[in-house]
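Report on the following structure.
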Protein chains: 2
Amino acid sequence: MNEAVVLTPERILEATEDVLRRYGLTKATVVDVARALDVSHGSVYRHFPSKASLRDAVAKRWLDRANEPLCKIAAGSGPAPERLEKWLRTAFSIKQKKVCDDPEMFATYLALAQGAREVVEAYKDKQVDLIAKILSDGVAQGVFEMDDVKATARAVFDATVRYHHPAHAEEWAKPECPSRIDALIALLLRGVRVCKH
Amino acid sequence: MNEAVVLTPERILEATEDVLRRYGLTKATVVDVARALDVSHGSVYRHFPSKASLRDAVAKRWLDRANEPLCKIAAGSGPAPERLEKWLRTAFSIKQKKVCDDPEMFATYLALAQGAREVVEAYKDKQVDLIAKILSDGVAQGVFEMDDVKATARAVFDATVRYHHPAHAEEWAKPECPSRIDALIALLLRGVRVCKH
DNA sequence: TCGCTGACAGATTTCAATATCTGTCAGACA
DNA sequence: TGTCTGACAGATATTGAAATCTGTCAGCGA
């Protein structure tokens, strides 16, 4: 038995991502995936119980990859305000880059986000936890001040939907966008900082 | 000539709103509107150059009506922080009420908002101006403090998209929504207030 | 035994023929 | 004269039959 042609979930995910990229979410079928792997489509169902689960698994991989730099920033050290700003700007630019470079995958993600799929909910929760990490670091450093770190992290996340939710992606290319982001970040930072004297 | 049956733009708008409510944006046609008014569809084109302009005019009326209470709050007097909070909460509850009571019109508005139509852009600009009015009142009262009132107003507007953009309407019914709104408003108010001593 | 195939039922999508709609305009009618 | 009609061309939407897809499973071959 040739090791290279064993059908693994990993190989299926790889092929599915290719197929999604090539055909787009609406056109891609499980049959296409099977054809790309040169197996019957029944075999794919041996590893993933449904097309939806396959789609979700691909999205999860994609989101986890996109999330990695943000985890690094949250886990890092240094002054919390700078890290929060960096985190937000990185989050925005990752999304913005994706929408340009990988539009079909982004459309997939948009469809998922609008369907309020579990994968996306989990991903959002993870994002909020990362923000909370930075905020609590800031509190420990004496530069931030707030009643409820978790709730404030959610609020920061909510306040920035416009720049990370794919439903607003068309707006990201507009020329006034960077200055609006600047104003928003400034407002949010002011909202969490301790009062200066 | 009977005054009651003269075909005016106003009557056409009235009928169009009814038709939109009854059939929804995707199904409603100019022929339906003409039928409701018992005239030929050609007559409608005498008052509105296209179906899109008719749709936009209806949306404008609808938006203006929805906007009225917000204008009152912005134009009023009293402490700016309370007014800002009231303004935001009113804006959210108007939208929330509309999505329940008038779902077809709301779907129309969603389609318009996603098409980035001019009416909606104008409406958003108006909203930002109202926020700016409250913010500059607050600065005059010595309770708010910011570099650029207009930019901050935009930032407040942007920060609250999640609760006024129709793309997020499904989220508004969730049980955790009110507490998330509370946290967001608290964060934004902290962001514009002068530092306490 | 274990992983894969291929045929199958029911659901969904495609496609092309048909019907309806949008926007225009010459002419009726008051 | 000014308002409205109704017929029209081209664009768009609907429809139903045929094709394809999803998900299952009995059985094949290693």
Side-chain angles (χ1 to χ4, degrees), chain A residues 1-59 104 107-108 110-112 114-115 117-119, chain B residues 1-59 104 107-108 110-112 114-115 117-119:
Chain A
M1 195 193 289
N2 187 340
E3 182 108 21
V5 297
V6 171
L7 191 58
T8 61
E10 185 56 32
R11 279 191 68 218
I12 295 175
L13 288 177
E14 208 78 61
T16 307
E17 194 164 330
D18 282 349
V19 167
L20 279 175
R21 234 187 289 277
R22 194 186 324 271
Y23 297 88
L25 177 66
T26 49
K27 299 278 180 186
T29 72
V30 176
V31 174
D32 291 328
V33 174
R35 202 177 0 250
L37 290 163
D38 208 42
V39 296
S40 75
H41 79 278
S43 308
V44 174
Y45 281 96
R46 196 152 287 280
H47 297 275
F48 293 91
S50 69
K51 186 185 183 180
S53 73
L54 183 54
R55 176 163 49 45
D56 288 357
V58 173
E104 287 296 3
T108 302
L110 170 59
L112 285 170
Q114 281 175 344
R117 306 288 305 164
E118 210 196 311
V119 234
Chain B
M1 194 194 288
N2 186 341
E3 182 108 21
V5 297
V6 171
L7 191 59
T8 60
E10 184 56 32
R11 279 192 67 220
I12 294 174
L13 288 178
E14 208 79 59
T16 307
E17 195 165 331
D18 282 349
V19 167
L20 278 175
R21 233 188 291 278
R22 193 184 325 267
Y23 298 89
L25 177 65
T26 48
K27 298 279 180 184
T29 73
V30 176
V31 174
D32 290 329
V33 174
R35 204 180 355 251
L37 289 163
D38 207 41
V39 296
S40 74
H41 79 279
S43 308
V44 175
Y45 282 95
R46 197 150 286 282
H47 297 275
F48 293 91
S50 68
K51 186 187 183 179
S53 73
L54 182 54
R55 179 164 47 45
D56 288 356
V58 172
E104 287 296 3
T108 303
L110 170 58
L112 285 169
Q114 281 175 345
R117 307 287 306 164
E118 209 195 312
V119 236

query = Roughly how far, to the nearest 0.5 Å, is NE2 of H41(B) from OG1 of T29(B)?
reply =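 Output value for this atom pair is 9.0 Å.
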task = Calculate, to the nearest 0.5 Å, the distance between atoms CG and CG belonging to L37(B) and D32(B) respectively.
result =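 Spacing of CG (L37(B)) from CG (D32(B)) equals 11.0 Å.
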Integer-rounded Å distance: [N] [atom2] and [X] [atom1]:
| X | N | atom1 | atom2 | result |
| --- | --- | --- | --- | --- |
| L37(A) | dG3(C) | CG | P | 17 Å |
| R35(A) | dT22(D) | CZ | C1' | 14 Å |
| Y45(A) | dC8(C) | OH | C1' | 14 Å |
| Y23(A) | dT20(D) | OH | C1' | 14 Å |
| D38(B) | dC4(D) | CG | P | 13 Å |
| L54(B) | dT22(C) | CG | C1' | 12 Å |
| K27(A) | dT13(C) | NZ | P | 11 Å |
| R55(A) | dT22(D) | CZ | C1' | 13 Å |

When you measure from the side chain of [X], which nucleotide among [options] comes out closest?
| X | options | value |
| --- | --- | --- |
| S40(A) | dG23(C), dT5(C), dC4(D) | dT5(C) |
| V31(B) | dG23(D), dC21(C), dT14(C) | dC21(C) |
| R46(B) | dA26(C), dT22(D), dC4(C) | dA26(C) |

Got [X] and [Y] here, is their nearest side-chain heavy-atom distance under 4.5 Å?
| X | Y | result |
| --- | --- | --- |
| E118(B) | D56(B) | no |
| L25(A) | R55(A) | yes |
| Y45(B) | V30(B) | yes |

request  = Answer with base, sugar-phosphate or nothing: what part of the nucleic acid does T29(B) contact at a heavy-atom distance below 4.0 Å?
outcome  =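 T29(B): backbone/sugar contact only, no base atoms under 4.0 Å.
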inquiry  = Both H47(A) and T26(A) contact DNA chain C. Taking the nearest nucleotide for each, which residue is further toward the 5' end?
reply    =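 Residue closer to the 5' terminus by nearest nucleotide: H47(A).
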Donor/acceptor link under 3.5 angstrom from H41(B) side chain onto base of dG23(C) =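 Answer yes: a donor N or O sits under 3.5 Å from an acceptor.
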query = Does OP1 or OP2 of dT5(D) have a side-chain N or O of S43(B) closer than 4.0 Å?
reply =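 Yes, such a contact exists.
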query = Where each residue is assigned the nucleotide of DNA chain D containing its nearest heavy atom, which of D32(A) and P49(A) is assigned the position nearer the 5′ end?
reply =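 Between the two, 5'-proximity favours D32(A).
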